K.L.:
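Mind looking over this structure? Questions follow.
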Amino acid sequence: MPSDRLLIRLGLGGSRTILSLLVSSRPMKIFMPVKVCFVALNAYPAIDPAVAGSFGGIETRSWLFARALAAHPDFEVSFLVRHWHPLRQKSYDGVTMHLMRDRFYPVRDSLISRIQRLDYFPWIQLLRPQLSDAYYLPLLAGMKVLKRKPDPREPLPLIENIDADIFLTFGVQSFSATVIATGKSTTRPVTLFLGSDSDLDEQYLPGGDFVSVYRDRADVCYWAIQNADQIFCQTQSQQSRLKSLFNRESQLICNPVNLQEWDELSTQEVDEKFCGGLQRFALWVGRADAVHKQPQVLLELARICPDVSFLMIMNRRDDIVEAEIKRTAPANVKIVDHVPFAKMPAIFAKAAVLVNTSSLEGFPNTYLQAAASGVPIASWNVEAEFLKVSQSGMCAEGKIDRLAEYVLKVWGNEVEVTQCGREYVAEHHDLQKQTARLAEALKQ
């Protein structure tokens with residue numbers, strides 16, 4: 001018998017069953033998949049269309065990557081979400097789910113958006129009061145008094161107990177700091193995905209007491225940027241800003257789009273409730289956020305273009321902003337609160353033009369979706385370079401009259417729609433290509 005092999009014979013049970021095992025003295029490589037946990041708390045409605053709630057670009061992007069990475073043999077993928085109901089399934093598309101149960105999240109979020117601080121007694125005012133506020137306001141106030149608010153830079157036991165080798169968290173915000181702190185306490189690396197250009201606000205630098213519109217403190221955001229083990233940027237401009245302002249290196253992982261799935265879903269029938277009964281429209285997609293997404297600018301544009309039909313898909317964010325937009329919308333604007341992601345390709349198939357009124361973005365997923373659908377993009381402010389290089393639309397550089405002029409030209413079929421945008425997206429934003437880059441970065 002060769003010296004490096006051993007034949008083992010075992011008698012099992014009553015019959016003489018022989019099990020022969022060849023055991024080699026040579027080193028054996030044992031394959032162990034990398035266990036990756038995605039953290040995007042508001043992603044559950046993007047994962048399961050039957051789940052209540054709204055979602056945006058971060059949630060769409062994180063779920064696309066999670067599904068694609070789960071199909072990779074070198075990885076095991078899980079996903080942490082927050083919701084007020086229990087999980088409907090333990091896993092989706094090979095991704096194991098973890099839940100941070102928060103029964104009062106939608107109530108608390110609504111109350112916070114409607115509380116206005118005053119410079120005089122009683123110091124706060126509740127706008128647009130609801131009957132349920134009489135119950136929930138004192139209840140949540142009492143809970144806040146009794147329960148110490150933890151520092152976001154403290155580890156969280158829920159995350160400590162998740163079986164993962166590496167965590168991926170999205171956006172420079174308080175919970176990302178908590179994920180990073182937990183990773184440090186358990187000696188597991190945490191990768192931070194930037195979600196927006198606002199994640200690199202210079203007001204996060206030390207020396208100020210700035211608090212973002214999402215109630216994240218500057219010192220917490222700066223700490224998250226400095227303590228993440230790895231940072232993924234959406235654009236080269238984010239990489240440059242991250243280096244110049246925060247002296248951090250990063251890797252470029254572009255926002256992905258699954259063109260094959262998008263094309264398959266684009267042929268579906270669309271329920272009238274999802275498109276306001278319109279068959280052709282200028283499309284706006286965003287959340288009720290007056291600072292960044294600026295739906296109020298879309299209403300101004302609609303008044304300038306009264307012959308154009310506009311469809312606003314406006315996810316909930318700020319109850320006051322949402323109510324004001326719905327109250328003041330002109331007759332040529334139809335507003336839909338929520339559309340499941342699987343229905344969006346068919347919505348884009350009916351759109352004449354995509355309108356973006358944001359003051360800033362990271363990189364809009366809707367741009368990729370419009371380009372994939374051959375829909376021209378009319379941008380008020382963001383991603384002028386992408387629109388120019390991909391030949392997928394125009395940027396009005398903050399001029400509402402230029403934005404209106406382009407929308408009217410597209411509506412009147414005066415703008416030639418080419419395949420250049422789709423070809424650019426296929427080359428630079430294909431889901432499989434970007435997932436391969438992500439997989440390689442995580443292995444490193």
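Computed over heavy atoms, backbone and side chain alike; hydrogens, waters and symmetry mates excluded. Worth saying up front: this structure is predicted, and the values here are computed from it rather than measured.
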K.L.:
Between Asp337 and Lys326, does any NZ, NE, NH1 or NH2 come within less than 4.0 Å of an OD or OE carboxylate oxygen?
P.N.:
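Result for this pair is yes, salt bridge flagged.
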
K.L.:
Kindly indicate, with the supporting measurements, whether the criterion ring pair (Phe, Tyr, Trp, His ring centres under 6.0 Å) is fulfilled by His428 and Phe386.
P.N.:
CA-CA 11 Å; His428 298 280; Phe386 167 80; 9.2 Å; no

K.L.:
Just by modelled atom types, is the Trp84 backbone N or O under 3.5 Å from a matching donor or acceptor in the Arg101 side chain?
P.N.:
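Looks like yes, one N/O pair under 3.5 Å.
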
K.L.:
Is it true that, when you exclude Lys388 itself, more than 12 heavy atoms of the residues, nucleotides or ligands shown sit nearer than 6.0 Å to its NZ?
P.N.:
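No - once you tally the heavy atoms of other residues, nucleotides and ligands closer than 6.0 Å, there are 12 at most.
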
K.L.:
Any donor and acceptor pair, going by atom type alone, linking the side chain of Ser240 with main-chain N or O of Gln236 inside 3.5 Å?
P.N.:
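Present.
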
K.L.:
Would you tell me whether Asn356 and Glu383 have side-chain atoms, one donor and one acceptor, within less than 3.5 Å of each other?
P.N.:
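Note: Asn356 and Glu383 side chains miss the donor-acceptor criterion.
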
K.L.:
Donor-acceptor check, side chain of Asp229 to backbone of Val190, threshold 3.5 angstrom: yes or no?
P.N.:
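Yes; judged by distance alone, with no hydrogens or angles, the pair exists.
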
K.L.:
Mark yes or no for whether Ser62, through its side chain, and Val39, through its backbone, hold a donor-acceptor pair below 3.5 Å.
P.N.:
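Answer holds: no.
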
K.L.:
Does any part of the side chain of His85, heavy atoms only, come nearer than 4.5 Å to the side chain of Val51, both counted from C-beta?
P.N.:
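The answer is no; the side chains never approach within 4.5 Å.
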
K.L.:
Are any non-hydrogen side-chain atoms of Arg422 and Leu259 less than 4.5 angstrom apart?
P.N.:
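With C-beta onward as the side chain, the pair touches.
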
K.L.:
Could you check if a side-chain atom of Tyr214 sits within less than 4.5 angstrom of a side-chain atom of Ser174, using non-hydrogen atoms only?
P.N.:
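SC-SC contact between Tyr214 and Ser174 ruled out.
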
K.L.:
Are Phe38 and Leu168 side-chain neighbours, meaning at least one heavy-atom pair lies under 4.5 Å?
P.N.:
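Result yes, sub-4.5 Å side-chain heavy-atom pair found.
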
K.L.:
By the side chain to side chain donor-acceptor pair (under 3.5 Å) test, which pairs, at least two apart or in different chains, include something from residues 433-444?
P.N.:
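Every side chain to side chain donor-acceptor pair (under 3.5 Å) pair that includes a residue of residues 433-444, provided the two are not neighbours, is Asp74-Lys443.
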
K.L.:
Decide yes or no on ring pair (Phe, Tyr, Trp, His ring centres under 6.0 Å) for Phe170 and Phe193, but give the supporting numbers first.
P.N.:
CA-CA 5 Å; Phe170 289 75; Phe193 274 91; 4.5 Å; yes

K.L.:
In the structure I gave you, are the side-chain heavy atoms of Ile47 and Val81 within less than 4.5 Å of one another anywhere?
P.N.:
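Of all side-chain heavy-atom pairs linking Val81 with Ile47, at least one is under 4.5 Å.
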
K.L.:
Using 30° and 60° as the class boundaries, would you call the ring planes of His429 and Tyr424 parallel, tilted or perpendicular?
P.N.:
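Rings of His429 and Tyr424: tilted, 30 to 60°.
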
K.L.:
Between Glu322 and Arg287 (salt bridge meaning N to carboxylate O under 4.0 Å), is one present in this structure?
P.N.:
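Salt bridge between Glu322 and Arg287, a charged N being under 4.0 Å from a carboxylate O: no.
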
K.L.:
Output, in order, the C-alpha distance, side-chain angles, deciding distance and verdict of side-chain contact (heavy atoms from CB on, under 4.5 Å) for His292 and Ser196.
P.N.:
CA-CA 10 Å; His292 291 152; Ser196 168; 5.7 Å; no

K.L.:
Looking at Ser250 and Ile231, would you say the former's side chain and the latter's main chain have a donor-acceptor pair under 3.5 Å?
P.N.:
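Pair absent, no side-chain N/O of Ser250 close to backbone of Ile231.
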
K.L.:
Identify whether the distance between the nearest side-chain nitrogen and carboxylate oxygen of Lys343 and Asp271 falls below 4.0 Å.
P.N.:
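No, this pair does not count.
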
K.L.:
Can you list every salt bridge (Lys or Arg N to Asp or Glu O under 4.0 Å) pair that touches residues 191-205, not counting sequence neighbours?
P.N.:
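Matches after skipping sequence neighbours: none remain.
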
K.L.:
Are any side-chain N or O atoms of Arg188 and backbone N or O atoms of Glu160, one a donor and one an acceptor, separated by less than 3.5 Å?
P.N.:
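Confirmed, Arg188 side chain pairs with Glu160 backbone.
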
K.L.:
I'd like to know whether the aromatic ring centres of Phe341 and Trp63 sit less than 6.0 Å apart in this structure.
P.N.:
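Judged by ring-centre distance (under 6.0 Å), Phe341 and Trp63 do not meet the cut-off.
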
K.L.:
With a 3.5 Å distance limit and no angle check, can you tell me whether Thr357 reaches the backbone of Gln294 through a side-chain donor-acceptor pair?
P.N.:
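Side chain of Thr357 to backbone of Gln294: a pair is present.
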
K.L.:
Between the main-chain N or O of Val375 and the side-chain N or O of Ser373, is there a donor-acceptor pair closer than 3.5 Å?
P.N.:
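A pair under 3.5 Å: no.
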
K.L.:
Would a distance-only check, ignoring hydrogens and angles, find a side-chain to backbone donor-acceptor pair under 3.5 Å from Gln226 to Phe246?
P.N.:
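Between the backbone of Phe246 and the side chain of Gln226 there is a qualifying donor-acceptor contact (under 3.5 Å).
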
K.L.:
Sequence neighbours excluded and cut-off under 3.5 Å, please list the side-chain donor-acceptor pairs for residues 362-370, or say none.
P.N.:
unit_1 : atom_1 : unit_2 : atom_2 : d
Asn365 : OD1    : Asn255 : ND2    : 2.9
Asn365 : ND2    : Gly57  : O      : 2.9
Tyr367 : OH     : Ser379 : OG     : 3.1
Tyr367 : OH     : Val382 : O      : 3.4

K.L.:
Measure the spacing between OG1 of Thr178 and CG of Leu156 and express it to the nearest 0.5 Å.
P.N.:
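Thr178 atom OG1 to Leu156 atom CG measures 6.5 Å (nearest 0.5 Å).
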
K.L.:
Mind checking whether Tyr204 and Leu245 have side chains closer than 4.5 Å, heavy atoms only?
P.N.:
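No, their side chains stay 4.5 Å or more apart.
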
K.L.:
Would you confirm whether Arg217, through its side chain, and Val211, through its main-chain N or O, come within 3.5 Å as a donor-acceptor pair?
P.N.:
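Answer holds: no.
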
K.L.:
Tell me, do Ile347 and Phe281 make a side-chain contact under 4.5 Å, heavy atoms counted?
P.N.:
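Yes; the side chains approach each other to less than 4.5 Å.
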
